[in-house]
Structure formats: structure tokens, C-alpha cells
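Written out below as C-alpha cells is the structure these notes cover.
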Amino acid sequence: MGLEASVFRYPLNTRHPAPLAALQTEIRRLRDKGADTIGVVGFSAGGHLAGLAALAPNADERTSVQFAVLGYAITSMETETYRPSQLVLLGEDASPELRRSTSLDALVTPSAPPFFLWHTAEDSYVPPEHTYRLAAALAADNVPHTVHVFPHGPHSLGLAHGAGEASTWTRFAESWIGEQTGTRTPQGA
């Protein structure tokens, strides 16, 4: 797409807010290197982290992001779905306030950046309810977003090569990212 990209390996098996602080440090580093427009892309628990970075309250300009792409992301720490991620990030006795303050759907405000969300209806680890909850919150605050829920495919598809209809998410995302960054080609590819 003609965009600079990097992979950020966030700290695992550590409690909130350590992963978010690490990602915000990386975003500041990219800003210091001259990046004007920063988007985050994440999947599953990494999608939750990318969403937190995009929606973090009190984020300063140096840690703000201009768009987020989330694949089969955990968006709510208030549901009982995919509890293992909640336990790792928040601990066994997380308060209702902590669970709410780390739920993406509860963090959406009208100033949130645009979101591209995708999921599969068959995902048994992180049910599509997570994507629907975030999409509803984005819609309620008139935040630009697009949502794709494909009928088939398990969790952890990544780029979804060879996964049928779900593999089209990358083409849709490429066109959408091009719109966000102004790098869209005539064919959208």
C-alpha cells in the first residue's frame, strides 16, 4: 500500500495497564521519528490492546491514533466470554470498575477515531458479540466505522489466506485504510 508499517510485540502475561503503556511508548517513538498518521491493527487480545490505544481516555497527541483495524477482538471485559484473557489482563478479582474501564464499548466517545472491525460468526473463543457491542457503541456516538462478520471461520485466522469468504477482509481493509490515509489507488488495491 506504500505505507510504512512495523510490528509491535507487546508484553504478554502482564496486568493492565502495562501492555497499554508499552504500546503508547511505541506510538510516541513513532511520532518522534516523524509519523503523522498512525493506525493500529490487532487481533483477538491484540485487538483489545489496539482498541484500548485508540480509545484511551486522556491520551495526549503523541499517543493518539488516527484509525484502528480490529480482527475478532475482545472488546468487553464485562461479559463472561473468553474469560482467560480477562484473568491474564485484569486478575481473578477485578472490580466491576476495572472491567468497565477496560471494555472498549464503554470507552467510545464522539472523538474516537474511525474503526474497521471484522469477525466470523463461527468464532467460538471470542464470539462475534464482542464486535457487535463495539459497533453499537461506535454507532451510538456517530463514530465512522465499518463492520464485516463473515459466516464461516474459526478464531485466529490472521490474514485468513484460504479461509473462503473471510479471506476478503484484507481487500476491504486495504481500501478502508487507503481512505483513512489518503493513499487509496484507483482500484483500491
Side-chain angles (χ1 to χ4, degrees), residues 1 3 5-10 12 16-17 19-20 22-24 26-27 37-57 59 63-79 81-82 84-86 88-89 99 101-109 111-150 153-160 163 165-181:
M1 292 184 63
L3 301 172
S6 62
V7 174
F8 175 69
R9 297 193 190 312
Y10 63 93
L12 299 174
H16 175 76
L20 178 59
L23 180 52
Q24 288 175 325
E26 176 65 7
I27 292 168
T37 302
I38 294 179
V40 288
V41 178
F43 304 92
S44 194
H48 178 260
L49 178 59
L52 275 178
L55 297 169
T63 60
S64 66
V65 299
Q66 285 62 57
F67 64 89
V69 176
L70 309 184
Y72 45 88
I74 299 163
T75 65
S76 177
M77 294 293 167
E78 296 181 294
T79 68
T81 57
Y82 208 66
S85 186
Q86 294 174 12
V88 169
L89 189 64
R99 289 171 58 131
S101 71
T102 54
S103 292
L104 304 184
D105 55 314
L107 298 174
V108 173
T109 66
S111 63
F115 275 78
F116 179 100
L117 309 172
W118 78 275
H119 218 114
T120 63
E122 293 178 340
D123 189 331
S124 60
Y125 287 102
V126 178
E129 167 195 357
H130 282 263
T131 290
Y132 296 139
R133 286 175 69 113
L134 180 54
L138 293 166
D141 276 324
N142 296 310
V143 175
H145 64 284
T146 189
V147 181
H148 298 276
V149 178
F150 300 100
H155 191 71
S156 298
L157 283 175
L159 295 177
E165 187 181 354
S167 69
T168 62
W169 86 263
T170 56
R171 281 188 316 207
F172 296 141
E174 183 177 10
S175 176
W176 184 86
I177 291 169
E179 290 175 10
Q180 307 313 305
T181 61

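Keep in mind that this is a model prediction, so the values were computed, not measured. Note that these values count all heavy atoms, side chains included, but never hydrogens, waters or copies made by symmetry. We number each residue from 1, following the sequence as shown.
- The two residues Val149 and Ala121 make their nearest non-hydrogen contact at CG1-N, 3.9 Å.
- The closest donor-acceptor contact from the side chain of Ser167 to the backbone of Ala163 lies at 3.5 Å or more, if one exists at all.
- Here the shortest heavy-atom pairing between Ser6 and Glu26 reads OG-OE2, 4.2 Å.
- Considering every non-hydrogen atom in both Leu55 and Ala112, the closest pair reads CD2-CB, 3.5 Å.
- Between the CZ atom in Phe115 and the CG atom in Leu104 there is a gap of 6.5 Å [rounded to 0.5 Å].
- Distance CD1/Ile177 to CD/Gln66: 13.0 Å, rounded to 0.5 Å.
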**Report entry** Verdict with supporting geometry, Ile27 and Phe8, side chain to side chain contact (heavy atoms under 4.5 Å, CB included)
**Finding:** CA-CA 10 Å; Ile27 292 168; Phe8 175 69; over 6 Å; no
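- Atom CG of residue Leu134 and atom CD1 of residue Ile74 lie 13.0 Å apart, to the nearest 0.5 angstrom.
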Query - Test side chain to side chain contact (heavy atoms under 4.5 Å, CB included) applied to Trp118 and Leu157, step by step - result: CA-CA 11 Å; Trp118 78 275; Leu157 283 175; 4.0 Å; yes
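- Between Tyr125 and His155, the ring planes lie tilted relative to each other; the angle falls in the 30° to 60° range.
- Side chain of Tyr72 to backbone of Gly158: a donor-acceptor contact under 3.5 angstrom is found.
- Closest of all the heavy-atom pairs between Leu23 and Ala53 is CD2-CB, 3.5 Å.
- Counting only distance, with no hydrogens or angles, the side chain of His130 and the backbone of Thr79 share no donor-acceptor pair below 3.5 Å.
- Using bins of under 30°, 30° to 60° and over 60° for the plane-to-plane angle, the ring pair Trp176/Phe67 lands in the perpendicular bin.
- Across all non-hydrogen atoms, the minimal contact from Pro19 to Tyr10 is CB-CD1, 4.4 Å.
- Between Leu3 atom CG and Thr181 atom OG1 the span is 5.0 Å, to the nearest 0.5 Å.
- Leu107 CG to Ser101 OG: the interatomic distance, rounded to the nearest 0.5 Å, is 7.0 Å.
- Nearest approach of His145 to Ala135, heavy atoms of both residues: NE2-O, 3.7 Å.
- With hydrogens and angles disregarded, no donor-acceptor distance shorter than 3.5 Å links the side chain of Ser103 to the backbone of Asp105.
- Thr168 places a side-chain N or O within 3.5 Å of a backbone atom of Glu165 that can act as its donor or acceptor partner.
- Side-chain contact between Trp169 and Val69: present, with at least one pair of heavy atoms (C-beta onward) separated by less than 4.5 Å.
- One distance of note links CD of Gln86 with NE2 of His16; it measures 13.5 Å at 0.5 Å rounding.
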Query raised in the report: Stepwise, does the side chain to side chain contact (heavy atoms under 4.5 Å, CB included) test hold for Thr37 with Gln180?
Result: CA-CA 9 Å; Thr37 302; Gln180 307 313 305; over 6 Å; no
